[in-house]
Amino acid sequence: MLSLKKFKNLFYSARPRQWSKNLICLSAVIITPVSNFEQIENIIWVTLGFIFASSFIYQINDLVDLQFDKLDSIKCKRPLASGILSKREIIYFSIFLFILFIFCALKSSNEAFFITSSYTLIQILYCKLLKNIPIFDIYAIALGFILRALSGVIAVGAIPSSWFLITTGFMALFLATQKRKFELARVSKDETFNLRAVLRIYTKSFLEKLEILSLTSGFITYVFWASGPILNGANSSYMLLTSPILLAGINRYQLMSQVKNGDIYLGESPTIFLFQDKGIQSILLFWLLLTLLITYANF
């Protein structure tokens with residue numbers, strides 16, 4: 001019988017806070033008019049599929065990085081690294097999550113199953129190899145977000161906009177780059193920090209240049225998408241009205257990402273930043289409401 005304490009730790013090992021990343025699947029409903037329940041049902045199944053797939057990947061990552069996590073002052077508190085959960089329990093739980101991911105992905109469509117499976121394979125490769133190769137590590141993270149966005153669009157039967165997918169990738173690249181930048185900063189301050197192989201090669205100067213390049217490119221491609229049908233972007237050029245809101249969100253993130261939150265900076269964990277910063281929450285809500293209004297106003 002699974003005790004309540006054991007269940008809580010298994011749930012914690014699935015990284016529920018990170019599930020918010022999979023909400024990018026729902027962006028299709030925001031930017032594409034949805035007219036029937038079947039489309040909504042499909043996109044819900046896709047989102048659940050990515051939630052279980054990403055949680056499965058976290059189990060794999062914890063198993064691969066176990067010895068390093070035990071030496072890290074923050075990651076040593078994770079259920080597996082701390083010894084609260086055993087390897088066998090994590091393996092059994094990962095199999096359970098894998099089955100749930102397969103079930104949810106197949107409930108949507110064959111295309112969604114293919115995309116979710118591709119994401120899972122890429123992330124397994126990331127855990128075993130890519131996260132130790134400079135550039136490839138952050139590009140693998142960005143590709144994961146592109147696949148999430150693509151799966152949502154496919155789920156509602158819409159034609160994906162190249163501009164929107166590219167914007168998603170650039171913004172994810174920016175967040176991944178910033179995460180590496182703060183990890184690099186921890187190296188000189190925390191002797192117990194797990195020094196990734198890529199951090200021995202990356203420099204602060206290089207990461208800052210890549211951060212600016214990806215952020216600028218992401219905003220430009222968003223403007224191209226928001227320009228509407230004339231550039232094969234959004235359904236309406238009125239979406240350009242959301243561009244200043246996005247820019248405000250970017251500026252807010254850059255400003256507040258330097259703030260210390262416990263053992264990490266907010267910029268090192270976008271999910272913590274999203275849950276704790278009222279400013280970014282307000283900007284996101286405003287963008288969401290305006291986007292929905294433009295999307296469904298003439299539908």
Side-chain angles (χ1 to χ4, degrees), residues 20-35 39-40 42-43 46-47 50 109 111-112 115-116 118-119 122 138-178 210-254 270 273-274 280-299:
S20 59
K21 296 177 181 178
N22 299 298
L23 295 180
I24 190 67
C25 297
L26 300 177
S27 61
V29 176
I30 301 172
I31 64 174
T32 305
V34 174
S35 58
Q39 291 176 308
I40 297 175
N42 285 341
I43 203 167
V46 164
T47 304
F50 266 99
S109 66
E111 292 84 357
I115 294 172
T116 316
S118 299
Y119 163 82
I122 291 169
I138 53 180
Y139 272 75
I141 295 173
L143 181 58
F145 282 91
I146 293 176
L147 292 176
R148 285 179 173 98
L150 178 61
S151 69
V153 175
I154 296 297
V156 298
I159 299 175
S161 166
S162 299
W163 291 122
F164 186 76
L165 296 178
I166 294 173
T167 298
T168 302
F170 275 129
M171 291 304 180
L173 190 63
F174 160 68
L175 294 175
T177 302
Q178 192 168 67
L210 184 57
E211 182 181 45
I212 294 173
L213 177 62
S214 58
L215 189 56
T216 303
S217 301
F219 182 71
I220 291 173
T221 53
Y222 180 87
V223 172
F224 287 162
W225 169 78
S227 296
I230 191 172
L231 292 179
N232 295 320
N235 293 326
S236 171
S237 59
Y238 283 112
M239 204 64 76
L240 280 169
L241 295 173
T242 66
S243 298
I245 304 175
L246 175 66
L247 186 59
I250 291 172
N251 292 336
R252 176 69 182 183
Y253 187 89
Q254 287 181 301
F273 180 80
L274 177 62
I280 202 68
Q281 291 172 4
S282 300
I283 293 172
L284 181 60
L285 179 60
F286 188 28
W287 176 88
L288 179 62
L289 293 175
L290 182 57
T291 302
L292 285 172
L293 177 63
I294 295 171
T295 299
Y296 290 91
N298 298 315
F299 178 62

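One is the number of the first residue; the rest follow in order along the sequence.
In summary, the aromatic rings of Tyr222 and Phe170 are positioned with their centroids too far apart to meet the 6.0 Å limit.
The CG atom of Asn251 sits 8.5 Å away from atom CD1 of Ile283, with the distance rounded to the nearest 0.5 Å. Considering CD1 of Ile166 and CG of Leu173, their distance stands at 12.5 Å, rounded to 0.5 Å. Rounding to the nearest 0.5 angstrom, the gap separating the CG atom in Leu293 from the OG1 atom in Thr291 is 9.5 Å. Here Leu231 contributes atom CG and Thr221 contributes atom OG1; the two are 12.0 Å apart, rounded to the nearest 0.5 Å. Within the model, atoms CG of Leu150 and OG of Ser162 stand 10.0 Å from one another, a figure rounded to the nearest 0.5 Å. Atom CG in Leu285 sits 12.0 Å away from atom CD1 in Ile280 (nearest 0.5 Å).
Within a 6.0 Å sphere centred on CD1 of Ile230, other residues, nucleotides and ligands contribute 12 heavy atoms or fewer.
A 4.5 Å side-chain heavy-atom check between Leu210 and Ile138 finds at least one atom pair inside the cut-off. Put simply, the side chain of Thr47 reaches to within 4.5 Å of the side chain of Leu26, judged on heavy atoms. Residues Tyr253 and Leu175 form a side-chain contact, since some pair of their non-hydrogen atoms from C-beta on lies under 4.5 Å apart. Using a 4.5 Å heavy-atom threshold, the side chains of Leu288 and Ile30 count as touching. Side-chain contact check for Leu290 versus Met239: every heavy-atom pair is 4.5 Å or farther apart. Contact check for Val29 versus Ile40: no side-chain heavy atoms found under the 4.5 Å cut-off.
With sequence neighbours left out, Asn22 forms a side chain to side chain donor-acceptor pair (under 3.5 Å) with Ser54, Arg148. A search for ring-ring contact (aromatic ring centres under 6.0 Å, His included) contacts involving Trp163 returns Phe224, not counting sequence neighbours. For the side chain to side chain contact (heavy atoms under 4.5 Å, CB included) test, residues two or more places apart in sequence or in another chain that qualify with Leu213 are Ser217.
For the pair Met171 and Phe219, the tightest heavy-atom approach, listed with the atom from each and the gap, is CE-N, 3.7 Å. When all heavy atoms of Ser237 and Pro229 are compared, the closest pair comes out as N-CD, 4.3 Å. Minimum heavy-atom separation, Tyr119 to Gly144: CD1-CA, 3.8 Å. Shown here for Phe50 and Thr116, the closest heavy-atom pair between the two residues is CE1-OG1, 3.8 Å. In this structure, Ala142 and Ala172 approach most closely via the heavy-atom pair CA-CB, 3.7 Å. Considering every non-hydrogen atom in both Leu147 and Ile115, the closest pair reads O-CG2, 3.4 Å.
Sorted by first and then second residue, the side-chain hydrogen bond (donor to acceptor under 3.5 Å, both in side chains) pairs with a member in residues 225-234 form an empty list; sequence neighbours excluded. For residues 212-231, no pair satisfies salt bridge (Lys or Arg N to Asp or Glu O under 4.0 Å), with sequence neighbours left out. Note on residues 241-252: pairs passing salt bridge (Lys or Arg N to Asp or Glu O under 4.0 Å), not counting sequence neighbours, are Arg252-Asp277.
Ser27 places a side-chain N or O within donor-acceptor distance of the main-chain N or O of Ile24, the cut-off being under 3.5 Å. Side-chain N or O atoms of Ser109 include one that pairs as donor or acceptor with a backbone N or O of Ala112 at under 3.5 Å.
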(request) Go through the steps to decide whether Leu215 and Gln254 satisfy the test side-chain contact (heavy atoms from CB on, under 4.5 Å), and finish with yes or no. (result) CA-CA 10 Å; Leu215 189 56; Gln254 287 181 301; 3.3 Å; yes
